[in-house]
Amino acid sequence: MTSLNEEVFPDQASNVPVRKVTIRINGENRSANVEPRLLLAHLIRQGFNLTGTHTGCDTSNCGACTVLFDGQPIKSCAMLAVQADGHDVMTVEGLATASELHPIQEGFKDEHGLQCGFCTPGMMLTAKALLDENPDPTEDEIRWALSGNLCRCTGYQNIVKSVMWAARKINNQAAN
Amino acid sequence: MYPTRFNYESPKSIAEAIALLHQGGGEAKILAGGQSLVPMMRLRFAAPEMIVDINNIPGLDYLTVDADGTIHIGALCRHSDLEKSSLLMAHQPTMAAAAPVIADPIVRNRGTLVGSLCHADPQGDWSSVMMALGGIVVAQGPNGRRSIPAADFVKGPFQNMLAFDEIAIEAIVPAPKGIPNGGYLKLERRVGDFATAGVAVAVESSQGLIIRAGIGLTGVGGSTINATAAAQSLVGAPLTAGSIAHAADLAAQAAQPRSDHRGSASYKRQIVKTFVVRILSGVVESIERAA
């Protein structure tokens, strides 16, 4: 377990009050001193350098910044970093192991579930939360679960197929 | 965009939160789900000097139903808690219909019903639902608690009746005197968009007669609309095709829609009318099924 203590934002003005937050991120405790107005998405990206989390819309609409917060998908651009103090966060970087892709990542690769890739991290994390709760979802359930994540390239068809692919793989692994 | 600078406070009790609000003197804002407040702060439509984050106050995330059917929704009960609740499925059809169509699934994991009422967005779904149900908001301030009917709680667009040092700690749906029925229908261009128009209908029936009715309209006026004349027209009689059509006409008259990119005013009025007919026709079917 490593601990980073970084001054994240801003302006490095010495009189700006900061708070220390410690977040368990992808299984590792990391700390940073942040201004209260710093959004979780920005702490993840600029503070922890985990740039797989994307920020798309500035209005908590698009879902590209989705991370798992205590296991549940949330839009990290609509949460203050200070609110995540003491909580568990998983970003897209937490899906794969050093040697192996997560079945959801394999599914997106196999079924061409992405084109430009901007929405993909959010899509995959929402899909992970869905499969954790419902390992064998129907197409409708997948579409419903992903309805807060926008994709402007794929038309969603292959994203849904990718999640179904992942569900089959996870279920086959569990059966063996 | 970043929000403007603010002092962040994270009280551990309601009393502490109220003291902070009092100290903030009108420049403090409560942060619950944050799904409207944080984007508004990012866009700098809102620039509070102090944020009082109530997420660390224990015991506010409840959803309970009393023996008599009264429903209590705590200030930290999330939309997704309501959506997944078998209690609501069994006891409250209007709320059960609304919960899955609030915003989108990810926003529902954070956003709260009580916060949505306080936000008082004319496009907010829960205000219409709570008006239709005759709901109550319980506010707590330095001088104790008071109850505010949901119908009076919205003062105008984005304005509620809370004093600057009061917190809405729960919403209550009073015990039904008859069999509760109803629904919520919303037309949106895509998931997560604001409603083009939405209609909440809540009725209670006893021995084939409607003994209480409420109709709330979303997104068709400067604030949530309580279509009282339409609702009153249903009370004391059985639901018939004629009474449904009449109530639908009255509800459409109560709407004050404006033409915009989501549709013309007359189109929105037509949606209101159609939704009232659809929900009440569904109620007739469910009463017939039960009989």
Side-chain angles (χ1 to χ4, degrees), chain A residues 9-11 13 15-19 21 34-42 46 55 57-87 122-123 125-126 129-130 133 141-150 156, chain B residues 1-10 12 28-29 31-57 61 76 78-81 83-84 99-112 115 188-194:
Chain A
F9 293 113
D11 317 347
N15 58 348
V16 174
V18 293
R19 279 186 169 237
V21 296
V34 301
E35 257 203 82
R37 65 173 175 157
L38 185 71
L39 300 161
L40 178 58
H42 296 141
Q46 279 109 307
T55 54
C57 70
D58 252 345
T59 52
S60 76
N61 194 327
C62 76
C65 67
T66 302
V67 300
L68 300 186
F69 182 81
D70 296 335
Q72 274 198 327
I74 61 135
K75 296 183 180 177
S76 62
C77 80
M79 182 181 276
L80 305 172
V82 282
Q83 288 185 273
D85 188 27
H87 290 271
M123 288 284 178
L125 288 166
T126 306
L130 170 69
E133 199 179 296
E141 286 168 335
I142 294 171
R143 286 183 183 276
W144 182 258
L146 293 177
S147 61
N149 296 81
L150 301 186
Y156 301 102
Chain B
M1 282 284 283
Y2 300 110
T4 50
R5 292 206 163 96
F6 54 83
N7 291 323
Y8 173 82
E9 300 289 349
S10 167
K12 298 287 186 292
K29 274 294 271 185
L31 173 64
Q35 302 300 290
S36 297
L37 179 60
V38 174
M40 282 182 80
M41 288 168 63
R42 295 187 68 174
L43 296 168
R44 305 209 173 180
F45 290 137
E49 285 173 11
M50 184 198 289
I51 283 293
V52 180
D53 178 2
I54 60 168
N55 284 283
N56 297 307
I57 300 179
D61 60 351
L76 288 178
R78 318 272 170 187
H79 306 306
S80 57
D81 299 332
E83 182 185 4
K84 289 169 191 158
V101 301
I102 309 295
D104 69 52
I106 308 175
V107 169
R108 289 200 289 275
N109 282 337
R110 291 298 296 170
T112 65
E188 53 184 0
R189 297 178 302 172
R190 59 178 180 272
V191 168
D193 190 17
F194 288 112

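Side-chain atoms are counted along with the backbone in the values below, which use heavy atoms only and exclude waters and symmetry mates. Proteins get letters first, then strands, A, B, ... in listed order; numbering begins at 1 in each.
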Please look at A:S147 and chain B and tell me whether the side chain, the backbone, both or neither of the residue comes under 4.5 angstrom of a heavy atom of that chain. both
What part of A:S60 gets within 4.5 angstrom of chain B, counting heavy atoms only: side chain, backbone, both, or neither?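 The answer is both parts of A:S60.
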Which one wins on heavy-atom pair count under 4.5 Å against chain A: B:S80, B:S10, B:P100? B:P100
Sort out for me which of B:M41, B:R108, B:R110 touches chain A most, counting heavy-atom pairs under 4.5 Å.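 Option with the top pair count is B:R110.
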Please check if atom CD in A:E133 has more than 12 non-hydrogen atoms from other residues, nucleotides or ligands closer than 6.0 Å.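 Counting neighbours around CD of A:E133, 12 or fewer heavy atoms of other residues, nucleotides or ligands fall under 6.0 Å, so no.
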Crowded around B:F194 CZ? As in, over 12 foreign heavy atoms under 6.0 Å? no
CG/B:D53 to CD/A:Q83 distance, rounded to the nearest 0.5 angstrom? 4.5 Å
Would you compute the distance between atom CZ of B:F6 and atom CZ of A:R37 and round it to the nearest 0.5 angstrom? 8.5 Å
Tell me which pairs pass ring-ring contact (aromatic ring centres under 6.0 Å, His included) where either residue lies in residues 57-78 of chain A, with sequence neighbours left out.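 Qualifying pairs: A:F69-A:H87.
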For B:A103, check side chain to side chain contact (heavy atoms under 4.5 Å, CB included) against everything at least two apart and list the hits.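 Side chain to side chain contact (heavy atoms under 4.5 Å, CB included) check on B:A103 returns B:V107.
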Can you see which heavy atom on [X] is nearest to which on [Y], and at what distance?
X	Y	result
B:V38	A:L39	CG1-CD2, 3.7 Å
B:P105	A:W144	CG-O, 3.2 Å
B:Y2	A:H42	CE2-ND1, 3.1 Å

Suppose the criterion is salt bridge (Lys or Arg N to Asp or Glu O under 4.0 Å): which pairs have a residue in residues 61-74 of chain A, not counting sequence neighbours?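 Every candidate salt bridge (Lys or Arg N to Asp or Glu O under 4.0 Å) pair involving residues 61-74 of chain A fails, so no pair, neighbours aside, qualifies.
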Please classify the contact of B:S36 with chain A as side chain, backbone, both or neither, using a heavy-atom distance under 4.5 Å.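 It is neither, since no heavy atom gets under 4.5 Å.
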Neighbours of chain B found in residues 71-79 of chain A - heavy atoms under 4.5 Å: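 The list, in residue order, reads A:Q72, A:P73, A:I74, A:K75, A:C77, A:A78, A:M79.
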I want to check something: taking the side chain as every heavy atom from C-beta on, are A:L80 and B:L31 in contact at a cut-off of under 4.5 Å?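 Result yes, sub-4.5 Å side-chain heavy-atom pair found.
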Chain B contacts, top residue of A:V82, A:L146, A:N149, A:T59 (heavy-atom pairs, under 4.5 Å): A:V82
